[in-house]
Amino acid sequence: MEGSEGGESRRNSFMETRPARHRRSSLYRRGSNMSEASFITDVEMAQDEVFSGPLAESVPTSVSAFSHRRRADSTASFTFYDEDEDRTSDDDFLEEEVIEEDEREGMGGEDMNGNGYVDQDEDLELGRRRSIRRKSSEHSRRSVDAPLLRRHTSNETDGWRFDKDGRLSQKIYILTEDLTIVVAGFRTSLFGFAVYITLCVLTLGLGYLIFRWLPGWYVKLVGSTSPLRRCDWVVIENQWGEIAIQDVNKQEYGRTLSSVFGSQGKGGLREYNEEDDYTIEELITLDYRYIRFCFHPVRDKFLLGSTWKDPNWTEVETIRGGLDNDEKSYREQVFGQNIIDIEEKSTWQLLVDEAFHPFYIFQIASLILWSLDEYYYYAACIFVISLISITTTLIETKATMRRLREISRFECDVRVLRNGFWRYVKSSELVPGDVYEITDPSLYQFPCDSLLLSGDCIVNESMLTGESVPVSKIPTTDEALDFLDLGVAAIHPDVAKHLLFSGTKIIRARRPHDDSDDEAAALAMAVRTGFNTTKGALVRSMLFPKPSGFKFYRDSFRYISVMAGIAAVGFVASFVNFVRLGLEWHLIVVRALDLITIVVPPALPATLSIGTNFALSRLKQKQIFCISPQRVNVGGKLDIVCFDKTGTLTEEGLDVLGVRVVQRPLNRFSDILTDAYDILPRGARDRDPTIDFNVHKAILWTMATCHSLRMVDEELIGDPLDVKMFQFSRWEFEEGEQRAHQSEDDDQKKLSPSVARPPPGMEYDVDGDSESTTRQPTELGILRQFEFVSQLRRASVVVRQFGAQSGEVYVKGAPECMKDICKPDSFPSDYDELLGYYTHRGFRVIGCATKTIPKLNWVKVQKMKREEVESDLEFAGFIIFENKLKPSSAGVIEELGRANIRRVMCTGDNILTAISVARECNMIDKTAHCFVPRFVEGNARTPLAKLSWESVDDPMYQLDENTLKPLPPPAEGDASLPYDISNLRNYSVAVSGDVFRWIIDFASEKVLQEMLVVGQVFARMSPDEKHELVEKLQSIDYCCGFCGDGANDCGALKAADVGISLSEAEASVAAPFTSRVFDISCVPQVIREGRAALVTSFSCFKYMSLYSAIQFTSVSFLYASASNLGDFQFLYIDLLLILPIAIFMGWTGPYKKLSQKRPTASLVSRKVLTPLLGQIVLTILVQAIGFEYVQKQSWFVPPVLDKDHSNSKNSENTTLFLLSCYQYILSAIVLSVGPPFRQSMAKNFPFVITMTCTLLLSSYILFDPAIWLYNLMELTDMSSEFKIFILVLAVGGFAVAYLCERAVFPKLAGFIGNATGGKKRKKRKTYKIVAEGMRV
């Protein structure tokens, strides 16, 4: 108790002094002169993340960051959260929260809260600092600078309700999950729980079902609000209204705050000192969707537990000591076991979940009702079908969960350092801080996210990225540990190369070859375990996909509720009629309730998925796989598709076309050299004496050394471009050993860097002294390597020739970055002209540069910074690669164009290369201008920069900078154009990543929307910018698809309405669709199947609705005289007619040609409702004619009124039954939609056979049934003439219905639309309005 009191007093003293400290800190941050256009801000390195992956080279941005989610203005309302109470909370706490938030938001990513979530935004200083930006810029960046649910006043920093004992609820935005949740604390009220039990018992379980379906009611009845620190359970509600009730775990702990929440260090909120770091006596944790939250007793709220970093992780030598057992036990308490173990429900639990679904409860109620009405056979058949359905669903669910468990669960034995001794333990026992061996032969994949401490390894991260290019990892350094922050959106590039991600496969792990190393093994330290790892985040994304919110599904349930309303009217009408006829009460109730089961058919929900299931099956046959079936229908509504270039539109591999070397001293480019021997001839006599061949040597040596290749089993593996480039050089490569760090005393002879050697015959440098006895063969040792970084767009190496004192720097990268790092006088005068020549023709161009460093040694190299290495270089020349279009690309792009679907290219390549490829594949009109914006004033970080939009073919032609419409060319200009490009009407725009960023941040909303509407090519786009482009297109009402193949596309693939990944490496985690045919032919196939599935769903839904209306009409007519359909009549209709027709109706495949028209996605539109209501009216008229006409026949058998039973053996029953049978069958033909979205009905053979069989069977029952069938169906005699009349009436009704469906009802729908247009006009899509305003 004393310890507890002491802790409480420390907490109180801390809370009293805390605002002052925070205020000082906050003022310091305000006074900072850090540029707003810093690297951190630009790449959105927010700390508010559940999972933080590395940069795009090795892990997809969709996993590593959702920093561009645009849901800031969410209108979600929460049941257990009171916004008003936010504003009237305790002032002291508000001040504390404002200061906390002020610090988090203060200076971008580095000063943000490292606890992995955003509470609520406080934008006091950001509002002032960013006053230059347009308002929409604030919106575009708000998912980092301001969280999802922004409120009106600045003091609403954190969503919370307050009580004298602490806060009652808390709002949290989890950035990586794009999820807003409210957590509210409760305790169980004994009185409320007693009432709940009583209600459940008295209602015979009905109360239990209602409270199960409406958990909010359960919480209000049983729960008593409680402060979060004292609650027993919590209610968690997300922005989609999904409610979960979770128990709070409490356990004795007795450790300090920093052992749970870490120390934020120099970049975070504050540093814990001894005074603050008091002991947590009781650890309170909460698990939601496998995300663990820990309760912070000082801040009085739950914080994410996944971003913890041990304050002692500062030096590699220190952390190599591992943990002891006590520390391991404490960490396991906080972080749980290192296993991604999906909770598998038992068969009984699944059965209960399935059986207690409202659909099946409705089925059970219907079965009881039918049994009470003595429809035993019908009830028994429906029961068997329901049982089969539940069993099938159960088996499929179990199989799916089992497969997911197998994919996600991984456990093996690992060799761990515990208490100073090595021992084998299960990988599930690893905790953050554990040191384990990765060179164990039995370890083939990493069990957790880890830092490589010693040795080196090559890994396959295809599970994360979708592409199987191996990634090399090297040991971490003390400097990298400083940068390690597990709560940032993108791991620092100096850390990413040391991180080993859970689930990635080990291609090769090597021990360090260092005699001084006590442990000759490659070691790694666990930093994140279980569901906190990268793999855990991916598994979560599969377990909890976001609701698609597709219109069709919403409307279908809305329509069902309308039908239920009609049923209620029928219920009242029949009830009154039965009372008037004097029937028994039990019969009145059963009959009236029976109408509801007719109007809302139990099979209705199942029919909605028929078209989708058939489409999935057909796609699977075409090697296209889908993990989100709802997205199939969405595919039918695509307006625009974005394509990556390399590997998607063009071939994966690049071939070296040749090299253009800068010839010194003339300082001009050589002719293209297409062979390594042409670059550097073998003998001196083959060389032009007027040319300095040192530059030739430099560019060849760049190709031989500046790469990230590794040797595995005598095979070079790595980036395909690097492989082609090295093979072109014809050199040999010997991989060395990676070393973490090196002391000044290290003997150079112990070092073993990677070495590149020339091919046989070129071992000796011709420029060397051929007479020297000490002449040595050429061997280039790679002393230091700076890997490719997407922000810098270059890679470099420091190389030394064996035996030489000096070293060389070789750099390769994008030509645009060369001017930033090379001496201006080293560029030939025609640099831009030659670059434009090749990029215009679609070639990929890489620039090379070099410099010499005198007196270089290993230690000096290791201490050099990248900026120092990559500066003051001499430009050496271009390496030119050719990238060919895939054979199917042009045809698919043309097909989408004919279907009026916009095609956009989104690539990281050069803008001129991208334009050339776009023209080659007909994405851009070859005869039209393509305009490219460039900065004439300022740059991407200058708010008042000015753009000039010039034609890429003739800068004389320009666009107006405000309207993006072509300006008239100046009269004195030369109107002659290359490529016959004279068409201004069909012009397009190509935008580079830096201009795109500026337009997003600083341009007007109008220019942004115009750029999105006319932009056809987006080049030099970073992974986050691809992601953001998709979301910006969606913001102007495009239904957007994205097709890509690699790590850089993962964010965009997930953000798109329909993402299609071209990959076979478990890419299903990156996109809803995965095509194992590696070209874009899958895109029109998905669109075709989507349109067919959407139309099929509508047809099936309309058919089931019409079936209900037909049966409702028949029963309503019969109810007038207390009659009804018979048991076997119902059975015949539902099982032999409706079931096969509804199934095979959806069998029809997609139409082979994509039409310009798109199917509607709204059930409540007049295009759908007008024909449906018209068909219902026609069926009522046909039945009314038959019902009235049969009563006038001489042989008419009237119904006998029986107050206890329904009499179904009468002429009215027989007439309506036989007539309705034809209506059920022929309505399917009327509602079967063919071209332009589906194939003709005649090509659906199962459907044709079903139609033929059911028509023949119904005609047999009408004209000449067997005696047993006659009695079974409870038919009555009627004349042959009347039988023919029924057939003629049915066929006539069909003819009228078919004619009206094809010709009359569509026009009627249009007429109704025009008549009501003034009252309610359909909201037009934003992009259409913008496009109309831009027409030339």
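Residue numbers start at 1 and run along the sequence shown.
Proximity of the aromatic rings of Phe1130 and Trp370 is defined here by a centroid distance below 6.0 angstrom, and this criterion is not met. For an aromatic pair to be called close, the ring centres must be under 6.0 Å apart, and Tyr1222 with Phe1294 fails this.
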request  = Would you please test Val1182 and Gln1223 for side-chain contact (heavy atoms from CB on, under 4.5 Å) and show each step?
outcome  = CA-CA 9 Å; Val1182 168; Gln1223 286 184 314; 3.5 Å; yes
message = Show, in sequence, the C-alpha distance, side-chain angles and deciding distance for Tyr1038 and Leu638, and conclude whether the side-chain contact (heavy atoms from CB on, under 4.5 Å) test is met.
response = CA-CA 8 Å; Tyr1038 275 113; Leu638 288 181; over 6 Å; no
task = Kindly determine whether Leu1216 and Phe1187 satisfy side-chain contact (heavy atoms from CB on, under 4.5 Å), including the steps that lead there.
result = CA-CA 7 Å; Leu1216 291 180; Phe1187 184 73; 3.8 Å; yes
request  = For side-chain contact (heavy atoms from CB on, under 4.5 Å), just list the numbers for Ser1220 and Gln1183, CA-CA rounded to whole Å, side-chain angles, deciding distance to a tenth of an Å, and then say yes or no.
outcome  = CA-CA 8 Å; Ser1220 66; Gln1183 288 199 35; 4.2 Å; yes
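Across all non-hydrogen atoms, the minimal contact from Arg1302 to Val1230 is NH1-O, 3.0 Å. Across all non-hydrogen atoms, the minimal contact from Leu1178 to Ala1297 is CD1-CA, 3.7 Å. Looking at every heavy atom in both residues, Pro1171 comes nearest to Lys1102 through CB-NZ, 4.4 Å. Closest heavy-atom contact between Ile1185 and Phe1285: CG2-CZ, 4.0 Å. Between Leu367 and Ala379, the shortest heavy-atom contact is CD2-O, 3.1 Å. Between Phe1217 and Leu1275, the shortest heavy-atom contact is CD2-CD2, 3.9 Å.
Going from atom OH of Tyr1327 over to atom SG of Cys1039 covers 9.0 Å, rounded to the nearest 0.5 Å. Rounding to the nearest 0.5 angstrom, the gap separating the OH atom in Tyr1107 from the CZ atom in Phe1112 is 13.5 Å. Here the CG atom belonging to Leu1169 is positioned 10.0 Å from the CD1 atom belonging to Ile1312, to the nearest 0.5 angstrom. The CD atom of Glu894 sits 8.5 Å away from atom CZ of Arg903, with the distance rounded to the nearest 0.5 Å. A distance of 7.0 Å separates OH of Tyr1103 from CD1 of Ile1110, quoted to the nearest 0.5 Å. Rounding to the nearest 0.5 angstrom, the gap separating the CD1 atom in Ile1133 from the OG atom in Ser1114 is 7.0 Å.
Formation of a donor-acceptor pair under 3.5 Å by the Tyr376 side chain with backbone atoms of Asp1127 is not found in this model. Here the side chain of Asn1271 pairs a donor or acceptor atom with the backbone of Ile1267 at under 3.5 angstrom. For Ser1099 (side chain) and Ser1232 (main-chain N/O), no donor-acceptor pair under 3.5 Å exists by modelled atom type. Asn1244 places a side-chain N or O within 3.5 Å of a backbone atom of Phe1144 that can act as its donor or acceptor partner. For Ser1258 (side chain) and Leu1255 (main-chain N/O), no donor-acceptor pair under 3.5 Å exists by modelled atom type.
No side-chain heavy atom of Met1241 sits under 4.5 Å from any side-chain heavy atom of Thr1148. Looking at heavy atoms from C-beta onward, Cys1082 lies out of side-chain contact with Lys622 at the 4.5 angstrom threshold. Ile1138 has its side chain within reach of Met1104: a pair of non-hydrogen atoms, C-beta onward, lies under 4.5 Å apart. Contact of the Arg618 side chain with the Glu1089 side chain is registered, since non-hydrogen atoms from C-beta on lie closer than 4.5 Å. Looking only at side-chain heavy atoms (C-beta outward), Ile640 and Cys1040 come within less than 4.5 Å of each other. Between Met1273 and Pro1265 the shortest side-chain heavy-atom distance does not fall below 4.5 Å. Side-chain contact between Thr1254 and Leu1136 is absent, with no heavy-atom pair separated by less than 4.5 Å. Between Phe1073 and Val632, some side-chain heavy-atom pair lies under the 4.5 Å cut-off.
Under the side-chain hydrogen bond (donor to acceptor under 3.5 Å, both in side chains) criterion, Arg1091 pairs with no residue, sequence neighbours left out.
Within a 6.0 Å sphere centred on CZ of Phe1263, other residues, nucleotides and ligands contribute more than 12 heavy atoms. Other residues, nucleotides and ligands contribute only 12 or fewer heavy atoms inside 6.0 Å of the OH atom of Tyr1298. Counting heavy atoms of neighbouring residues, nucleotides and ligands inside a 6.0 Å radius, atom OH of Tyr1151 does not exceed 12 of them. For Phe1196, the CZ atom sits in a packed shell: over 12 heavy atoms of surrounding residues, nucleotides or ligands are nearer than 6.0 Å. Heavy-atom contacts from other residues, nucleotides or ligands closer than 6.0 Å to NZ of Lys1153 number 12 or fewer. The number of heavy atoms from other shown groups lying within 6.0 Å of CG (Leu1256) is above 12.
Between the side chains of Trp1195 and Ser1211, not a single donor N or O lies within less than 3.5 Å of an accepting N or O. Side-chain polar atoms of Glu1212 and Ser1121 form a donor-acceptor pair below 3.5 angstrom. Side-chain contact of Gln1129 with Glu1274: a donor-acceptor pair under 3.5 Å is absent, judged by distance alone. Between the side chains of Asn1210 and Ser1123, a donor-acceptor pair is found at a separation under 3.5 Å.
The aromatic rings of Tyr1189 and Phe1282 sit parallel, their planes meeting at an angle under 30°, below the 60° perpendicular limit.
Under the salt bridge (charged side-chain N to carboxylate O under 4.0 Å, His left out) test applied with Asp639, the options Arg902, Arg1158, Lys1328 reduce to a single match, Arg1158. A side-chain contact (heavy atoms from CB on, under 4.5 Å) with Leu1219 is found for one member of Leu1289, Leu1287, Thr1179, Leu1262 and no other, namely Leu1289.
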